[in-house]
Amino acid sequence: MSEQQQEYSLKDYKGLMPIWCPGCGDFSVLMALQKALQHRQVAPHKLAVISGIGCSSRIPHFINAYGFHMVHGRSLPSAAAVKVVNPELEVIAAGGDGDGFAIGMGHFPHTVRRNPNITYLVMDNEIYGLTKGQTSPTSHTGLVTKTTPWENADEPINPIMTALAHNCSFVARGISTDVKQLTQLLIEAMEHPGFSFVQAMSPCLTFHDTYEMVRNTSKDLPEDHDVTDRLGAIKYALDTDNMWTGVFYKVRRPTLDEVTTRNKLKALERNTKSPTPLMKIYADMGGKVPTSTS
Amino acid sequence: MTDKRRKSTTIRLAGESGEGVVSSGQILTDALIEQGFAILTYQTFPAEIKGGHCWYQVRGSAHPLDTPGDRADILVSFNQEGFDTHIDDLRSGGLIIYDSDAVTPVDVPKAHLFPVPIGKIAADEVGSPRSKNVLAAAILARLLGLPEEELADSVTKKFKHKGAKVVEVNVKAVTAAYGLKLPEVEMDFALTRTDTETAEPIGAYAMTGNDALVLGALVGGCKFFAGYPITPASTILEAMMRELPAWGGSAIQAEDEMSALTHCLGASFAGAKVMTATSGPGFSLMIELLGHASTVELPVVIVDAQRGGPSTGLPTKYEQSDLNAAVYSGHGDTPRIVLAPSTVRENFDLTVKAFNLAEHYQVPVILLTDNALATRLERVTLPDLNTVEVEDRILATPEPDEKHYKRYKFTENGVSPFPVPGTPGGMYVCEGLEHDETGKPNYTGENHVAMNNKRYGKLEDCARRETGYYDFGAVDPDLVIVGWGAIAGTVREAVDRLTGEGLHVGGTVITMLSPFPLAVRDRLRKAKKVLVVEGNYTGQLAQLIEAYNPIVPEKLAVASAGLIPVESVEKVAKRLLNVQEVQVRE
Ligand SMILES: Cc1ncc(C[n+]2csc(CCOP(=O)(O)OP(=O)(O)O)c2C)c(N)n1
Ligand code: SF4
Ligand SMILES: [Mg+2]
């Protein structure tokens with residue numbers, strides 16, 4: 001499609017003015033997401049953006065879409081359910097490293113397992129931004145923050161590894177300083193049927209400036225990396241010297257909405273032959289039994 | 001056999017879990033159902049999977065029943081513990097059947113003993129030690145007056161799927177039971193159908209409270225369910241996983257209760273009617289999200305099937321101690337509707353209502369049931385399921401190119417039309433931060449006041465629309481006995497007996513705990529005395545009543561891992577009415 005034929009321009013995806021600090025990495029992540037949406041020509045009214053709480057989690061307000069600002073850490077289960085109820089919607093879950101890998105960590109592997117056809121975008125600044133600079137689950141060992149005044153002794157979470165451990169359907173990492181690559185990754189993530197996890201390194205200039213670290217250690221995954229090779233992907237995920245960017249891994253698994261739709265068809269078909277116990281009572285009492293054609 | 005007008009027989013079976021106590025009770029219950037008798041059961045399992053003491057009570061009658069009965073007319077004990085633990089609950093003049101090889105009876109002056117070598121007969125005479133349960137059930141059926149052929153039929157039906165051999169053995173057990181010599185007793189345990197013209201109808205379906213609740217949800221239009229296993233709500237999750245796809249919906253087993261409710265909120269945001277079900281511990285985990293649902297104005301039905309608390313508490317026991325949590329829990333001012341069904345039929349009706357109110361007002365509705373109600377089997381009459389009134393959310397109809405759609409528009413009753421994602425022009429952010437009409441965060445005092453008014457305005461409207469209680473007994477009573485939940489049946493039976501003795505006693509069952517029903521105030525204010533009966537330690541309903549009425553009710557609040565006996569309610573009522581107790585009813 002040429003530019004003129006496109007129904008939606010970048011402007012159509014803009015919501016309220018972002019209220020992030022000047023220089024915050026999240027501006028670029030937002031830009032990449034809007035570009036990816038525009039590339040895919042997602043109708044704004046068919047887009048749902050669901051987040052938790054944090055600076056990054058404010059993102060639903062900055063996009064013209066149906067937004068849902070959940071409580072802290074709970075974007076994933078609600079995003080998955082939105083897709084189950086209405087598979088026609090493009091569903092994006094978004095948030096920060098604290099939101100996703102501390103308070104919301106319980107939901108991450110389970111959402112990976114269930115494989116809803118949604119995209120999960122984590123803006124990872126390795127710090128708690130909104131609460132003003134406490135250590136986060138992805139803060140590196142040794143980091144001094146307001147809550148680790150001597151040092152952070154903990155091993156950081158490795159989100160890419162966690163996703164790979166549970167056979168996540170699509171795993172990628174981008175950086176806010178490379179909007180072009182991040183846009184491409186988000187396009188691929190949305191196009192991939194299944195749960196697509198994108199970790200976007202997105203520095204917090206105010207409380208933990210990781211721009212230099214990102215610049216110095218990030219590296220595109222080699223051209224010959226086989227995205228269907230899970231063990232190969234794990235090798236790159238475990239590399240502590242380089243922060244690899246690009247698509248780590250891709251696998252086609254039945255998605256949650258495919259499974260729920262399949263179950264529905266199976267059950268509706270059985271309604272006429274051998275109905276479930278309560279459907280039988282319903283039919284006895286004059287209820288109109290739904291069938292696969294009704 | 002408490003009452004001449006409504007004859008009934010109460011049977012209790014007790015023993016080690018896994019010994020056939022429950023299956024034996026169920027075989028008898030099924031036979032009674034097939035023979036058209038009313039039944040009402042009460043069961044308590046050990047919280048452990050293997051071993052532990054358990055008992056099962058079933059009351060049968062030709063008339064509708066309100067409670068599973070206080071004392072047993074017949075007690076069956078498979079082991080010594082069963083004998084020792086329950087002998088005091090046997091009615092004077094009642095019968096105790098026990099396995100004579102497993103139990104050494106203590107001297108029981110008021111009871112008749114019926115020693116039967118149950119285990120031995122099952123093993124030697126019938127040829128299968130496992131037929132113990134059918135043997136015991138058949139002895140009971142015989143005492144209740146069921147003919148041998150009818151029981152044999154019922155057993156054949158029940159075991160048909162296990163093959164001819166199993167059927168044969170179990171029919172043999174029935175024959176053995178009917179061949180036993182019965183002891184002489186004065187009491188007549190047989191259930192007879194007399195005065196058919198005056199008999200009230202007995203429901204067509206025997207259902208547990210949880211099954212009725214699930215049927216209510218399905219008829220009410222539920223299209224999405226998520227839950228995490230917990231006693232006694234697990235059977236709701238299991239039923240939903242099985243049923244919902246057949247009704248065109250989807251169910252998910254979540255990784256915890258926060259995930260369960262979060263899934264539901266996502267699905268509700270997408271436009272579906274949703275429900276989750278849990279018990280106290282899970283409900284506690286949901287409370288941040290409950291407040292969220294309230295402030296983002298998403299319809300959701302949350303079932304709390306209460307059990308003994310706090311903490312892990314008494315996982316398999318009846319208690320009604322989550323009222324405060326349901327009515328008050330959460331930070332901030334959090335409007336919610338709380339409904340409390342009091343019978344299995346009401347589990348159906350109020351679940352439909354819960355969906356209707358949730359959708360109409362766009363609020364979370366908590367449905368408070370309890371272990372006794374969830375697990376008990378009762379005969380119910382269902383309404384014509386085609387004509388059950390089902391309400392839908394008021395949907396928004398924005399202009400396709402509308403900007404900054406007012407999702408939280410101020411309206412007369414506080415309800416704003418709902419834009420379903422996918423609708424052009426309705427885009428907004430469903431926002432848990434305090435927000436303005438468009439969903440944009442707004443922390444001004446003026447806006448917060450207006451939004452609280454809007455959200456609480458919906459509850460005020462609901463209080464005007466809903467009755468939220470029902471009455472029975474004397475019209476102008478000296479004493480009103482108030483109950484809620486499973487204990488309501490106890491109140492009804494107590495009021496029946498007391499009015500039968502000519503006392504001016506009335507009963508009030510509160511079925512809506514938030515918003516507090518307005519008309520209850522009049523009834524309570526006019527009564528000379530009020531007694532609140534409930535299964536918790538602190539008297540949570542009594543406190544709620546006190547908060548809304550210029551009265552201080554008397555209370556009979558007992559948390560003793562079981563239903564309060566009707567006898568206890570009668571006694572307290574009489575003390576309050578200063579009636580000399582003539583004799584203890586036996
Ligand atoms: C239940 C709960 N606990 C704590 C908070 C406070 N809180 C808000 S955001 C946040 C951390 C945000 O960090 P992150 O997810 O990394 O987002 P960022 O601000 O860095 O983008 C915390 C702890 C909260 N809102 N809710
Ligand atoms: S505090 Fe950090 S993360 Fe938050 S807006 Fe400012 S720069 Fe961004
Ligand atoms: Mg962060």
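Computed over heavy atoms, backbone and side chain alike; hydrogens, waters and symmetry mates excluded. Nothing here was measured: the structure is a model prediction, and the numbers come from that model. Chain A is the first sequence line, chain B the second, and so forth, proteins listed ahead of strands; every chain is numbered from 1.
If you measure heavy-atom distances from A:R113 to chain B, you find no contacts under 4.5 Å at all. At a 4.5 Å heavy-atom cutoff, the contact between B:K440 and chain A is made by backbone and side-chain atoms alike. When heavy atoms are compared at a cutoff of 4.5 Å, A:I281 approaches chain B by way of both its backbone and its side chain. For A:L16, the part lying under 4.5 angstrom from a heavy atom of chain B is the side chain only. Interface remark: A:A65 contributes backbone atoms only to the contact with chain B (heavy atom separation under 4.5 Å). Only the backbone of B:P383 comes within less than 4.5 Å of a heavy atom in chain A; its side chain stays farther off. When heavy atoms are compared at a cutoff of 4.5 Å, B:L218 approaches chain A solely by way of its side chain, counted from C-beta outward. For B:I252, the part lying near chain A is the side chain, with the backbone staying farther off; criterion is any non-hydrogen pair under 4.5 Å. Contacts of B:Y428 with chain A are made by both backbone and side-chain atoms, with heavy-atom separations under 4.5 Å. For a residue to count as touching a neighbouring chain, one of its non-hydrogen atoms must lie under 4.5 Å from one of that chain's; by this rule B:V219 touches chain A with the side chain only. When heavy atoms are compared at a cutoff of 4.5 Å, B:L261 does not approach chain A at all. At a 4.5 Å heavy-atom cutoff, A:P109 makes no contact with chain B through either its backbone or its side chain. Neither the backbone nor the side chain of A:R270 comes within contact range of chain B; no heavy atoms are under 4.5 Å apart. Of the two parts of A:P44, the backbone and the side chain both hold a non-hydrogen atom closer than 4.5 Å to a non-hydrogen atom of chain B.
In this structure, the separation between CG on A:L278 and CE on B:M207 is 5.5 Å, given to the nearest 0.5 Å. Annotation: the span from A:H69 atom NE2 to B:H435 atom NE2 amounts to 12.5 Å, rounded to 0.5 Å. From B:L265, atom CG reaches atom CD1 of A:I50 across 11.5 Å, with rounding to the nearest 0.5 Å. With values rounded to the nearest 0.5 angstrom, A:L76 atom CG is found 9.0 Å from B:H263 atom NE2. Of the inter-residue distances, the one linking A:R58 atom CZ with B:L433 atom CG reads 5.5 Å to the nearest 0.5 angstrom. Distance check: A:K288 NZ to B:N386 CG gives 8.0 Å after rounding to the nearest 0.5 Å.
With contacts defined as side-chain heavy-atom distances shorter than 4.5 Å, the pair B:M427/A:I63 does not qualify. In this structure the side chain of A:P277 reaches within 4.5 angstrom of the side chain of B:R242, judged on heavy atoms. Taking 4.5 Å as the limit, every side-chain heavy atom of A:M285 sits out of range of all side-chain heavy atoms of B:D384. Side-chain contact between B:D256 and A:H107 is present, with heavy atoms from C-beta onward closer than 4.5 Å.
Ranking B:G266, B:P419, B:G248 against chain A, the residue ahead of the rest is B:G266, based on heavy-atom pairs under 4.5 Å. Among A:A267, A:A81, A:S78, A:P77, the residue with the largest count of heavy-atom pairs under 4.5 Å with chain B is A:P77. By number of non-hydrogen pairs under 4.5 angstrom with chain A, the leading residue of B:K223, B:H292, B:M258 is B:H292. Most heavy-atom pairs under 4.5 Å with chain A, from the set B:G432, B:P424, B:A270: that is B:P424. In terms of heavy-atom pairs under 4.5 angstrom with chain A, the leader among B:A272, B:A226, B:G271, B:G249 is B:G249.
Residues that satisfy the side chain to side chain donor-acceptor pair (under 3.5 Å) test with B:E359, not counting sequence neighbours, are B:R393. Under the salt bridge (Lys or Arg N to Asp or Glu O under 4.0 Å) criterion, B:E346 pairs with no residue, sequence neighbours left out.
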Check step by step if side chain to side chain contact (heavy atoms under 4.5 Å, CB included) holds for B:V429 and A:F62.
-> CA-CA 10 Å; B:V429 178; A:F62 313 143; over 6 Å; no
How far apart are the C-alpha atoms of B:S250 and A:K264, what are their side-chain angles, what is the distance that settles it, and do they pass the side chain to side chain contact (heavy atoms under 4.5 Å, CB included) test?
-> CA-CA 7 Å; B:S250 307; A:K264 251 182 254 183; 3.4 Å; yes
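A:N271 places a side-chain N or O within donor-acceptor distance of the main-chain N or O of B:A246, the cut-off being under 3.5 Å. A side-chain donor-acceptor contact under 3.5 Å links A:Y66 to the backbone of B:T423. Of the possible donor and acceptor atoms, none in the side chain of B:E288 sits under 3.5 Å from a partner among the backbone N and O of A:V71.
No more than 12 heavy-atom neighbours from other residues, nucleotides or ligands sit within 6.0 angstrom of OH on B:Y228.
Contacts classified as salt bridge (Lys or Arg N to Asp or Glu O under 4.0 Å) and involving residues 426-439 of chain B (residues at least two apart or in different chains) are given here: B:K406-B:E437, B:E434-B:R455.
Ring-centre distance between A:H45 and B:Y405: not below the 6.0 Å cut-off.
Heavy-atom neighbours of chain B within the stretch residues 82-98 of chain A, taken at a separation under 4.5 angstrom, comprise A:V82, A:V84, A:V85, A:N86, A:L89.
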